[in-house]
Number of protein chains: 4
Amino acid sequence: MPKVSEEHRRARRQEILGAAARCFARAGFHRTTIQDIAVESGLSPGLVYRYFADKDAVITAIAAQWHEDQAGLLRADGAVGDLVPGYLDLLRSLAAPAERERVRLGVQIWAEALRAPEVEAVARAGVDAPREVVARLVRVAQDRGELPAGLPPDGLARVFIAIYQGLALQTAWDAGLDNDAYVRAVEGLVSLLTS
Amino acid sequence: MPKVSEEHRRARRQEILGAAARCFARAGFHRTTIQDIAVESGLSPGLVYRYFADKDAVITAIAAQWHEDQAGLLRADGAVGDLVPGYLDLLRSLAAPAERERVRLGVQIWAEALRAPEVEAVARAGVDAPREVVARLVRVAQDRGELPAGLPPDGLARVFIAIYQGLALQTAWDAGLDNDAYVRAVEGLVSLLTS
Amino acid sequence: MPKVSEEHRRARRQEILGAAARCFARAGFHRTTIQDIAVESGLSPGLVYRYFADKDAVITAIAAQWHEDQAGLLRADGAVGDLVPGYLDLLRSLAAPAERERVRLGVQIWAEALRAPEVEAVARAGVDAPREVVARLVRVAQDRGELPAGLPPDGLARVFIAIYQGLALQTAWDAGLDNDAYVRAVEGLVSLLTS
Amino acid sequence: MPKVSEEHRRARRQEILGAAARCFARAGFHRTTIQDIAVESGLSPGLVYRYFADKDAVITAIAAQWHEDQAGLLRADGAVGDLVPGYLDLLRSLAAPAERERVRLGVQIWAEALRAPEVEAVARAGVDAPREVVARLVRVAQDRGELPAGLPPDGLARVFIAIYQGLALQTAWDAGLDNDAYVRAVEGLVSLLTS
DNA sequence: AATGAATGAGAATTCATTCAT
DNA sequence: GATGAATGAATTCTCATTCAT
């Protein structure tokens with residue numbers, strides 16, 4: 001397994017996934033054909049099958065990569081105090097035109113997770129991990145008296161995730177929404193919590 | 001079987017939509033065939049086409065009905081004080097096993113709205129209306145000093161919708177999540193806001 | 001079998017055939033549905049089946065009626081000398097706007113005769129009868145020395161039928177063709193023959 | 001089986017058209033299914049759609065090819081004197097068993113031209129061109145005194161086309177008709193004209 | 001007799017997948 | 001490895017026909 005070849009394989013795989021992501025974001029998983037992906041990537045339909053067992057495997061890989069990238073965005077190892085600015089930035093980032101594709105793809109993945117167990121597994125893992133991180137941080141903050149003790153950490157973590165998911169969804173539908181007003185509302189809520 | 005009453009037509013349409021909703025909730029719009037709907041409803045494939053122009057029309061009708069039902073759930077004409085318990089009940093209702101189908105259907109509709117302009121129109125209308133209602137109530141409450149004046153009403157309305165949407169999504173994935181903890185977290189947030 | 005009822009049946013049958021003729025002339029046999037005929041006639045699809053065994057029977061009846069009407073137009077019992085003006089009038093009549101439907105229908109029947117034995121039988125009978133009449137008249141005229149003796153009567157009869165059929169076809173395609181020039185050319189040919 | 005030559009594509013297209021022509025001649029355009037064409041050609045239904053957008057496109061291509069072949073048969077660049085033998089040969093050729101398919105196909109195309117604008121365009125072009133050629137030759141012959149001056153050239157051209165069309169139609173219905181008698185009758189007419 | 005709702009077999013078309021080159 | 005031609009099962013949709021009312 002020569003290094004160059006492995007390198008090449010990875011690059012090819014990424015080309016295909018990139019093309020697939022663009023197609024899926026545009027037309028959804030089920031209105032996108034392998035042919036569409038081939039055209040978008042400049043490769044051939046047959047080649048897709050040397051990198052993925054079938055179309056579902058492409059979808060699953062897209063979902064996995066999406067959550068992987070998401071995990072990258074969420075990486076935060078500090079205290080709640082540090083987490084908050086990062087979270088608000090995450091909300092803000094959803095408004096970026098460059099994120100449009102990602103956001104649309106995310107919504108499609110959420111729906112697909114309901115039917116494809118592999119996608120569900122990937123999506124669940126992608127949501128559970130940050131939820132547990134947040135819940136842990138909430139507990140720490142509550143111990144330190146920085147957050148009200150009465151709130152269930154897990155529930156609160158889910159609420160923050162929901163606030164992100166809901167914004168993503170609303171942005172997917174209406175890219176022109178007032179992201180700033182949204183973030184300021186969230187900021188207001190958070191400052192009430194931490195004051 | 002000639003000259004059937006308008007009543008009968010409405011009932012037939014509902015039979016088909018009911019069967020379609022069950023199929024769609026289970027397998028998604030695109031893995032459900034017209035044949036599946038026919039079998040589920042105990043009717044024939046041809047009959048579906050006497051009530052709907054094509055499969056997309058069935059999907060759009062399902063989306064329209066979903067948002068109509070949703071509007072029924074949201075009906076609230078009082079002040080914010082009255083709205084809150086209704087909102088919390090709405091969040092609680094998502095945990096009901098009977099709502100499982102509705103919740104799953106909702107997520108599919110969100111994704112479908114990204115590709116089908118007719119579904120988008122329906123979904124947008126279904127979200128815009130309650131958002132404006134909430135935003136108006138927030139403004140009223142701010143005028144009365146019942147809510148902090150600094151928060152953007154529209155942003156806050158979107159946040160509350162997001163908290164609903166996110167819970168719906170997370171419930172669709174994991175029906176066993178701790179709905180009560182979620183609602184208590186939201187309750188805590190709201191009481192911070194209104195105190 | 002009361003007379004009124006029989007009368008009524010005949011009238012109903014004609015209503016259906018009239019509607020079918022209009023539909024067929026417009027859209028062809030195979031793009032016309034029983035539903036189309038029902039709408040055009042103001043009756044119901046089911047009723048068509050009380051007058052005709054199936055759609056093919058409607059087509060055959062249309063073909064039969066077409067050739068019957070045609071026979072009416074051709075009725076001529078005189079000598080060739082009398083036949084010629086009638087023939088030329090027949091050619092002229094093809095240009096009449098009122099004949100448009102008949103002409104279009106005729107072409108469709110010709111094609112249908114190639115696939116439906118019942119239509120073929122009807123069409124063949126409708127063409128053979130006048131052909132034999134003409135051939136007989138040609139023979140008589142040849143005996144009298146009014147027509148050149150060398151020409152095969154049957155061949156000549158077929159040629160005259162062809163001159164009619166070809167004009168019908170060309171008129172079906174292009175209702176604006178110069179019918180008068182055509183008839184004058186035929187007239188010239190005929191006068192060469194009979195002089 | 002990648003990157004196939006243009007030659008191969010042309011051949012494949014012809015295979016499909018050949019099979020389609022056989023099916024259409026036998027059963028008509030509308031009783032022939034794509035499946036029938038696939039079986040007749042030994043190919044798959046899907047492949048038909050790599051060469052033709054839909055069934056109507058196959059029909060149009062068949063019509064176009066029919067008229068193209070027809071144009072090949074009509075090619076004549078001489079004077080009327082040269083044209084006549086060619087024309088008579090054309091009439092004779094209709095009796096050849098090998099022409100049976102072509103003749104039947106022609107009649108179907110005539111009918112189809114009444115409903116499919118694309119077929120109409122093709123048919124009209126296929127008839128207009130030879131008509132103008134003949135009309136021009138008639139004019140030349142009249143100038144030279146080889147044909148009676150009084151006859152309208154365009155009308156006469158249409159009559160000759162009608163004599164061809166009518167023979168084709170009658171041959172389609174009855175392959176056993178006396179082609180020789182027909183041709184002798186036409187020959188007689190023509191010699192009267194040119195004498 | 002008449003209606004038109006309902007059926008379901010059949011046809012066109014698509015597209016994931018294979019495999020010869 | 002790559003290609004893209006070829007396949008054929010699956011799906012949508014149509015429409016002739018039936019039959020309960």
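Below, read A as the first sequence line, B as the second, and so on, with proteins coming before strands; counting in each chain starts at 1. These values consider heavy atoms only, across backbone and side chains, with no hydrogens, waters or symmetry-generated copies.
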- Would you say the side-chain atoms of Glu112(D) and His30(C) include a donor-acceptor pair closer than 3.5 Å? no
- Query: Would you say dT21(F) has OP1 or OP2 under 4.0 Å from some side-chain N or O of His8(B)?
  - Reply: no
- Message: With a 4.0 Å limit, can you tell me whether Ser44(A) has a side-chain N or O closer than that to the phosphate oxygens OP1/OP2 of dG4(F)?
- Response: no
- Query: Which heavy atom in Arg12(A) sits nearest to a heavy atom in Leu47(A), and how many Å separate them?
  - Reply: NH1-CD2, 3.6 Å
- Query: Dot-bracket, DNA chain F: Watson-Crick or G-U, under 3.5 angstrom, [ ] crossing, | other strand?
  - Reply: .||||||||||||||||||||
- Message: Test your reading of the model: is there a side-chain donor-acceptor pair from Gln108(B) to the backbone of Phe24(B), 3.5 Å cut-off?
- Response: yes
- Query: Roughly, in whole Å, what's the span from CG in Asp36(A) to P in dT14(E)?
  - Reply: 13 Å
- Ser41(D): side-chain contact (heavy atoms from CB on, under 4.5 Å) partners, not counting sequence neighbours: Ala19(D), Leu43(D)
- Is there a donor-acceptor contact under 3.5 Å from the side chain of Thr60(B) to the main chain of Glu118(B)? no
- Task: Give a yes or no on whether a salt bridge exists between Arg104(B) and Glu101(B), defined as a side-chain N under 4.0 angstrom from a carboxylate O.
- Result: no
- Mind checking what makes ring pair (Phe, Tyr, Trp, His ring centres under 6.0 Å) contact with His67(C), not counting sequence neighbours? none
- Identify the heavy atoms of Thr32(A) and Cys23(A) that sit nearest to each other, and give their distance. OG1-O, 3.3 Å
- Reckon Arg12(A) has a side-chain N or O less than 4.0 Å from the OP1 or OP2 of dG1(F)? no
- Message: Expressed as a whole number of angstroms, how long is the span from Ile37(B):CD1 to dT12(F):C1'?
- Response: 11 Å
- Query: Which residues, if any, of residues 24-35 of chain D bring a heavy atom under 4.0 Å of DNA chain E?
  - Reply: Thr32(D), Thr33(D), Ile34(D)
- Message: Under 4.0 Å, heavy atom to any atom of DNA chain E: which of residues 47-55 of chain C qualify?
- Response: Leu47(C), Arg50(C), Tyr51(C)
- Query: Can you tell me if Lys55(A) uses its side chain to pair, donor with acceptor, with the backbone of Thr33(A) under 3.5 Å?
  - Reply: no
- First encountered from the 5' end of DNA chain E, between Gly46(B) and Gly46(D): Gly46(B)
- Message: Within the 4.0 Å heavy-atom criterion, would you say Arg9(D) contacts the bases, only the backbone, or no part of the nucleic acid?
- Response: nothing
- Query: Could you give all pairs that pass the salt bridge (Lys or Arg N to Asp or Glu O under 4.0 Å) test and reach residues 32-47 of chain D, with sequence neighbours left out?
  - Reply: Arg22(D)-Glu40(D), Arg26(D)-Glu40(D)
- Message: If we ignore hydrogens and angles and just use 3.5 Å, is the side chain of Trp173(B) paired with the main-chain N or O of Glu120(A) as donor and acceptor?
- Response: no
